[in-house]
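Shown next, in structure tokens, is the structure this report addresses.
These numbers come from the heavy atoms of this one structure, side chains and all, not from hydrogens, waters or symmetry mates.
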Amino acid sequence: ELPEPIISEQSLAMNLANEGGVANLILLLRNITGLWLLQESRRKWQQKGQGYSWDDLLTLAEETEPFRSLVDPDSEDFLNPEDMPAAIRSYCQRTGQPEPESVGAFIRCCLESLALKYRWVLEALETVSGCHAGTIRIVGGGSQNRLLSQLTADACQRLVVTGPAEATALGNIMVQSIATGHLPDLKAGREAIVASVQQQEFEPRVTSGLEDAYGRFCELLNREALSN
């Protein structure tokens with residue numbers, strides 16, 4: 001969150017955007033596909049009669065070998081495939097990686113890849129802005145995914161704070177409250193939101209194989225960029 005936009009060759013090369021935010025501030029950001037890969041995989045399994053709950057999927061992922069297969073969540077391969085698990089298998093085969101062989105392996109692949117992409121984008125934002133983010137905040141529906149939150153803390157080596165899940169609605173109420181004089185400013189509004197919801201903290205852990213996985217992930221992004 002910055003007072004002025006950053007418009008440079010570096011920000012362009014990293015595909016960063018300057019978006020107008022609340023109180024005339026600028027959000028330096030890069031959009032990431034997010035949980036689309038999980039949602040579409042779950043939908044495909046449901047079509048086949050495999051009605052996994054989200055808790056089921058996270059439990060299966062936690063029981064699966066880490067960092068076996070990685071994908072770029074923003075690859076065009078995953079924009080709108082008819083069969084998301086098949087698209088993930090095809091991507092892994094094309095990039096010379098083992099294909100996921102179980103439901104848990106698919107979910108683990110998606111979540112670890114997202115966490116590593118968060119790290120890559122965070123490093124890009126910090127490089128361009130010169131700012132350091134000591135805490136990562138996950139809001140919206142994705143804040144309820146405990147495994148993704150922990151993987152993000154581990155990958156980025158930052159404290160992750162999750163919640164609120166209904167971030168859009170609360171943000172809307174906050175801005176209206178400031179506009180009508182019920183809250184004095186943005187700082188007070190954010191403090192009111194924090195006081196109104198339950199948040200959870202995820203401390204970063206030292207994870208074996210993580211740095212090697214991040215190196216492989218960055219190489220994957222570089223190869224994909226060159227091929228495009």
*Hey, mind stepping through Thr95 and Gln97 against side-chain hydrogen bond (donor to acceptor under 3.5 Å, both in side chains) and telling me if it holds?*
CA-CA 6 Å; Thr95 54; Gln97 302 180 84; 2.9 Å; yes
*Can Lys187 and Glu191 be said to form a salt bridge (Lys or Arg N to Asp or Glu O under 4.0 Å), step by step?*
CA-CA 6 Å; Lys187 181 176 182 294; Glu191 289 173 351; 2.6 Å; yes
*Distance in Å, Glu166 CD paired with Ser143 OG, rounded so as to fall on 0.5 Å steps*: 9.0 Å
*Between Asp185 and Ile178, is any pair of side-chain heavy atoms under 4.5 Å apart?*
no
*Can you tell me how far CD1 of Ile7 sits from CG of Leu12, rounded to the nearest 0.5 angstrom?*
10.5 Å
*Show the numbers, then the answer: is there a side-chain hydrogen bond (donor to acceptor under 3.5 Å, both in side chains) between Glu123 and Tyr118?*
CA-CA 9 Å; Glu123 290 178 355; Tyr118 294 164; over 6 Å; no
*Salt-bridge contact Arg119-Glu211 (side-chain N to carboxylate O under 4.0 Å)*: yes
*Is a salt bridge present between Arg43 and Glu40, judged by a nitrogen-to-oxygen distance below 4.0 Å?*
yes
*Salt bridge between Arg94 and Glu224, side-chain N to carboxylate O under 4.0 Å?*
yes
*What's the spacing between Leu37 CG and Ile88 CD1 if we round to 0.5 Å?*
5.0 Å
*Quick one: side chain to side chain contact (heavy atoms under 4.5 Å, CB included) partners of Ser208, sequence neighbours excluded?*
none
*Report the distance from atom OG of Ser113 to atom CD1 of Ile32, rounding to the nearest 0.5 Å.*
12.0 Å
*Assess whether side chain to side chain contact (heavy atoms under 4.5 Å, CB included) is satisfied between Leu114 and Thr152, documenting all intermediate values.*
CA-CA 8 Å; Leu114 273 175; Thr152 301; over 6 Å; no
*How long is the gap from CZ on Phe217 to CG on Asp72, to the nearest 0.5 Å?*
5.5 Å
*With a 4.0 Å cut-off, would you call Glu1 and Arg190 a salt bridge?*
yes
*Do NZ/NE/NH1/NH2 and the carboxylate oxygens of Glu62 and Arg146 come within less than 4.0 Å?*
yes
*Nearest-0.5 Å distance that lies between atom CG in Asn145 and atom CG in Leu58*: 4.5 Å
_ring pair (Phe, Tyr, Trp, His ring centres under 6.0 Å) partners of residues 54-85, not counting sequence neighbours, each pair once_ = Phe78-Tyr91
*Is Arg108 close to Leu151 at the side-chain level, that is, under 4.5 Å between some pair of heavy atoms?*
yes
*Find out whether Ile138 and Val161 are in side-chain contact, i.e. whether some heavy atom of one side chain is under 4.5 Å from a heavy atom of the other.*
no
*Do Thr59 and Asp56 have side-chain atoms, one donor and one acceptor, less than 3.5 Å apart?*
no
